[in-house]
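The structure under discussion appears below in the form of structure tokens.
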Protein chains: 2
Amino acid sequence: MKSPTLHDVARSAGVSYSTADRVLNGRGGVAEKSAQRVQRAIEELGYRRDIHAANLSRRRNYRFLFLLPRGDHGFFTTLREALLHETVRRLVDRLVITHYDVPAFDAEALAAELSRINPEDYDCVALIGVDSNILDAAIGRLVGKGLPVITLVSDSATDLRQSYIGIDNVIAGRTAGRLMLLTHKTRTGRILPILGTMGVRDHRERLQGATEVISAPGSGLEILPPIEVQDRPEIMLDRVSEILKSDPAITGIYSIGGGNRGLVDLLSRIERNRPVVVLHELTPTSRAALKCGMIDAVIDQKPAEEISRAIDAMRAIADDLPAPDSRVVPTIYLADNLPDPNANGGWT
Amino acid sequence: MKSPTLHDVARSAGVSYSTADRVLNGRGGVAEKSAQRVQRAIEELGYRRDIHAANLSRRRNYRFLFLLPRGDHGFFTTLREALLHETVRRLVDRLVITHYDVPAFDAEALAAELSRINPEDYDCVALIGVDSNILDAAIGRLVGKGLPVITLVSDSATDLRQSYIGIDNVIAGRTAGRLMLLTHKTRTGRILPILGTMGVRDHRERLQGATEVISAPGSGLEILPPIEVQDRPEIMLDRVSEILKSDPAITGIYSIGGGNRGLVDLLSRIERNRPVVVLHELTPTSRAALKCGMIDAVIDQKPAEEISRAIDAMRAIADDLPAPDSRVVPTIYLADNLPDPNANGGWT
DNA sequence: CCAGTTTTGACATACGTCTGTCAAAACTGA
DNA sequence: TCAGTTTTGACAGACGTATGTCAAAACTGG
């Protein structure tokens with residue numbers, strides 16, 4: 001019933017508590033023979049150190065820093081809310097979580113922020129990756145100083161960061177493509193992919209995934225050349241209405257990045273033969289559009305879950321446990337299976 | 001930086017630690033006036049009891065019991081595996097989780113098992129509900145003896161159990177219906193619903209949800225009368241092949257319950273014009289069928305997540321915190337967004 | 001003001017771990 | 001065998017909380 005304590009281990013190994021402690025915490029100054037007896041006792045008894053008692057005694061706090069993109073981009077807002085939610089929820093576990101806002105999509109600003117961090121102040125840092133050598137170098141410097149870094153949502157510096165928490169964007173793209181197949185079961189069609197810019201790896205990967213599935217032989221579907229709208233609603237509105245006018249045979253739209261307010265605007269003006277629309281991230285805009293049938297599906301990366309897993313990973317890293325990459329599986333929302341908007345993305 | 005301790009509270013309230021403790025733990029024998037000063041100090045300092053220190057001191061263990069249906073029904077297997085996973089993972093938080101197997105779908109056996117429980121032995125019990133007065137009565141008796149009960153996956157005794165963790169089956173059904181709409185965007189169709197038996201509330205609710213969506217005006221879809229296959233593969237195989245033969249115009253199949261091995265068997269023999277197939281629960285069978293295009297979508301209730309949330313709820317109940325019902329949102333799996341089979345359902 | 005009650009504070013012990021100090025014991029090499 | 005080193009065990013105090021005992025202090029009613 002009761003799990004063994006280090007005292008039990010010491011007794012069973014026939015050594016003093018001090019010695020058992022020296023072995024457990026690698027303090028050295030222990031004869032090889034004694035060390036082995038202690039190890040054996042630990043295994044035999046199945047001893048597991050009571051981490052809460054240990055933390056209490058050590059006065060340990062886990063100090064984590066999140067660097068989140070500034071701005072009210074719907075997705076980042078959700079992310080920030082989820083983080084605040086977890087910040088209070090985890091206080092009880094001695095997790096002290098801080099976050100700074102950094103300019104969005106600005107690798108240099110992010111790198112500069114990293115350089116300003118005092119490695120003594122935190123046990124782990126989480127950030128949203130951007131393709132950039134400067135950022136990679138800054139991450140390298142921080143890791144070199146002994147402060148581990150993990151990436152969130154979008155990866156960076158794969159060989160330096162300890163762990164990546166986020167979706168596989170190729171899979172996300174394939175999922176979108178699959179939805180296009182399903183909605184075109186018995187008919188042919190032309191699918192228009194829209195992205196922010198080809199310069200963003202995540203967008204390229206989603207496009208790649210969608211293309212793989214859509215242009216599979218026998219699909220009967222054709223994928224058009226992607227258009228770039230810089231994640232900006234106005235540009236989205238202009239470019240897409242233009243294209244729809246010039247090519248009325250478009251039967252599906254896959255919006256890979258942001259700026260969907262412009263798209264929804266446009267869709268609300270089309271009253272018949274609306275194309276199938278799949279887009280990314282559950283935001284107030286996409287939720288409303290889904291509910292009223294303006295769009296068909298939303299692929300979401302569950303930001304609340306990502307935050308929670310990121311924190312789990314950071315904690316594992318701080319405790320020197322292995323922290324595996326954690327691939328979040330993108331989820332599909334239709335009009336009916338939307339999470340309760342007040343429930344933190346359907347998460348705890 | 002450091003959060004205040006009860007000593008800080010006592011000092012700030014101008015009373016001794018003992019008095020602050022008496023207030024905090026409601027031991028009585030404290031003058032109204034002192035109690036108020038302590039309360040005020042708690043609020044002003046934002047004091048939060050260090051629950052780990054408290055549990056350490058109290059030698060508290062949380063003892064939870066799960067009653068899971070016996071048998072290798074794919075879904076229950078997943079559920080059991082998730083539970084074992086969490087059992088070891090939560091040991092560190094002093095959660096001692098036990099589970100018994102009980103006969104599946106047998107309300108009386110379940111009720112009998114409940115009667116055999118000594119309320120002293122556990123802090124909370126979780127079970128999978130079944131429609132039955134006998135079960136409700138047994139739950140009532142247990143709750144009456146001071147042992148709280150929660151329901152999982154399927155609800156029971158709504159006014160007695162403390163909390164229900166699971167999906168809303170009407171929503172699950174609506175989601176299936178929505179998938180049928182999407183796959184029939186520009187064509188009409190006939191959808192065949194298959195369920196275990198109309199006697200199971202969950203199945204009725206799913207059917208209801210699907211019907212709501214599919215037979216919405218203007219959908220162009222017709223939903224056929226449901227057939228019952230007792231969750232048995234052989235019956236599934238026989239009945240469905242029979243019906244498909246007699247009604248070749250069926251364009252969609254919604255399998256609400258179990259026995260899908262029979263369905264997949266049948267589908268593998270149809271080489272062209274396979275109907276759209278939506279079914280429930282990710283199992284080895286459904287996963288394989290999804291991957292090779294035999295079926296189109298799986299609606300999953302994320303058993304690993306349900307288990308984890310159930311444990312969270314039980315813990316909240318044991319700590320006398322409010323434990324809200326937690327509606328899990330059913331998720332949609334297509335061929336591409338399947339979770340890693342080794343990763344506990346994509347969960348931690 | 002007294003006796004009786006209520007309220008209070010001081011103190012001790014415990015939970016399981018961490019950490020530091022110190023002297024005793026057990027080794028080592030020459 | 002002796003000096004020097006390594007290893008060991010005993011002990012104490014701490015983390016924040018829980019819980020029990022006891023006597024002192026502050027009230028109360030008459």
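In this text the structure is predicted, and so the values were computed from the model without any measurement.
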ask   = Just checking, any donor-acceptor pair under 3.5 angstrom between side chains of B:Arg22 and B:Ser34?
value = no

Toward the 5' end of DNA chain D, by each residue's nearest nucleotide, B:Ser18 or A:Leu56 = A:Leu56

Among [options], the nucleotide that comes nearest once only the side chain of [X] is considered:
X: A:Val15; options: D:dT17, C:dG16, D:dG9; value: D:dG9
X: B:Ala31; options: C:dT8, D:dG16, C:dT17; value: C:dT8
X: B:Thr5; options: C:dG16, D:dG16, D:dA18; value: D:dG16
X: B:Arg22; options: C:dT19, D:dG16, C:dG9; value: C:dG9
X: B:His7; options: D:dT17, C:dG16, C:dC18; value: D:dT17

Check whether any side-chain N or O of [X] sits under 4.0 Å from OP1 or OP2 of [N], and answer yes or no.
X: A:Thr19; N: D:dG9; value: yes
X: B:Arg59; N: D:dT17; value: no
X: A:Tyr17; N: C:dT19; value: no
X: A:Arg58; N: C:dC18; value: yes

Send over the distance from [X] [atom1] to [N] [atom2], rounded to a whole Å.
X: A:Arg94; N: D:dT17; atom1: CZ; atom2: C1'; value: 11 Å
X: B:Asp50; N: D:dT17; atom1: CG; atom2: P; value: 6 Å
X: B:Asp21; N: C:dA10; atom1: CG; atom2: P; value: 14 Å
X: A:Arg27; N: D:dG9; atom1: CZ; atom2: C1'; value: 15 Å
X: A:Arg60; N: C:dT19; atom1: CZ; atom2: C1'; value: 16 Å
X: A:Tyr47; N: C:dG16; atom1: OH; atom2: C1'; value: 8 Å
X: A:Asn55; N: C:dC18; atom1: CG; atom2: C1'; value: 11 Å
X: A:Arg49; N: C:dC15; atom1: CZ; atom2: C1'; value: 17 Å

message = For a quick check of understanding: with a heavy-atom distance under 4.0 Å over all strands, which category does B:His52 fall into, base, sugar-phosphate or nothing?
response = nothing

task = Describe the nucleic acid contact of A:Asn25 in one word from base, sugar-phosphate, nothing, applying a heavy-atom distance below 4.0 Å.
result = sugar-phosphate

task = Grab the two heavy atoms, one from B:Ile307 and one from B:Ala82, that are nearest each other, plus how far apart they are.
result = CG1-CB, 4.0 Å

task = Compare every heavy atom of A:Ile51 with every heavy atom of A:Tyr62, then report the nearest pair and how far apart it is.
result = OH-CD1, 4.1 Å

remark   = Contacts of B:Lys33 and B:Ala53 projected onto DNA chain C by closest heavy atom; the upstream (5') one is B:Lys33

ask   = Is any side-chain N or O of B:Ser16 under 3.5 Å from a base N or O of C:dA10, one able to act as donor and the other as acceptor?
value = no

query = Using 30° and 60° as the class limits, which term best fits the ring planes of A:His52 and B:His52: parallel, tilted or perpendicular?
reply = parallel

message = Is it the case that the side chain of A:Thr87 and the backbone of A:Leu83 share a donor-acceptor pair, with hydrogens and angles ignored and the cut-off at 3.5 Å?
response = yes

query = Got B:Leu24 and B:Val9 here, is their nearest side-chain heavy-atom distance under 4.5 Å?
reply = no

